[in-house]
Amino acid sequence: MNQHRDIFLMCAPEYFEVSYIINPWMEGNVAHGNRANAQGQWQALMHALQQVAQVECMPAVAGVPDMVFTANGGLLLGDQVVLSSFLHVQRQAEEAHFAAWFAARGLRVLHMPHALPFEGAGDALLDRAADLLWFGHGHRSDAACAPLLAELLDIEVQAVKLVDPRFYHLDTCFCPLQGGYLLYYPDAFDTAAQACIAARVPLEKRCAVSREDALNFACNAVNSGEHVFLNHASPALIAQLQQWGFRVHQLALTEFMKAGGAAKCLTLKMNEPRRKAGMPTR
Ligand code: ARG
């Protein structure tokens, strides 16, 4: 047994539905979901992840249909978690459920001051090579979170501004992979952020995905070791990932895309060890 298996938190879609509109993907989809399909797709993702990682499930709760998107519960680092404070009132009731789950799990739960909007690992993604936290703002999380996260977690934070409402969380258009590789959709970012990403991630380690791949949520991928789980990727993107040494697993998550999420949003990585000082970067 691999002793270094990743641990992912998921929440079953027992009460999942599109019952309000807080992002463009939800438009036209209110009450158009099929819960049985959603359950099947979610289970397929969970079973696929269980082949290579450990999955923990938190109980689903009626009335908070988007709680399946556990990535938005908070941002974990070591034994600390910065609890999310959701921008939209429709998701704010999730905060207490996530807080209770994290505390019961033995994590130290930290809060953003004055409930500044912050949507957890939806907008804050750890680089997989450097000791760096990428932070997306412009839609959900407030730009003012960046220095606060740096202070709370004692980590360098690189803020990047998101400009396309369809890519309203950083994890919809940006995916750091093991080894320092990166999938991203440049048009989702303002020009300063595009330049910053290009400056910080070497060309041979980053892949600008096509518009089609981006709209298929290819950047919303779960990475565990050499495995990458995603809704759908073009042959060209699969070839690129394989060339980097990854094994791609495509799992249809169309029911969740009606709510604006896919593989990565449905998981929260629970093991994010702190890097030791002096560890090599790229
Ligand atoms: N309907 C949810 C929302 O708009 C989807 C969240 C997707 N999560 C993510 N990490 N991108 O908040």
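Just so it is clear, the structure is predicted and the values come from calculations on it, not from any experiment. Order of appearance sets the numbers: ligands from 1, and atoms from 1 within every ligand.
A salt bridge does not link Arg166 with Glu27: none of the charged nitrogens is closer than 4.0 Å to a carboxylate oxygen.
Listed as neighbours of ligand 1 are Ile22, Asn23, Met26, Asp66, Phe69, Ala71, Asn72, Arg91, Gly122, Arg140, Tyr168, His169, Asp171, Thr172, Ala259, Gly260, Cys265, each bearing a heavy atom under 4.0 Å from the ligand.
Few gaps surround CD on Glu226; more than 12 heavy atoms of other groups in view lie less than 6.0 Å from it. Other residues, nucleotides and ligands contribute over 12 non-hydrogen atoms within 6.0 Å of the CD atom of Glu204. No more than 12 heavy atoms of other residues, nucleotides or ligands shown are found within 6.0 angstrom of NE2 on His32.
Of the residues Gln90, His97, Arg91, the one that meets the side chain to side chain donor-acceptor pair (under 3.5 Å) test with Glu94 is Arg91.
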Worked verdict on Asp187 versus Arg211 for salt bridge (charged side-chain N to carboxylate O under 4.0 Å, His left out):
CA-CA 8 Å; Asp187 286 355; Arg211 185 170 165 274; over 6 Å; no
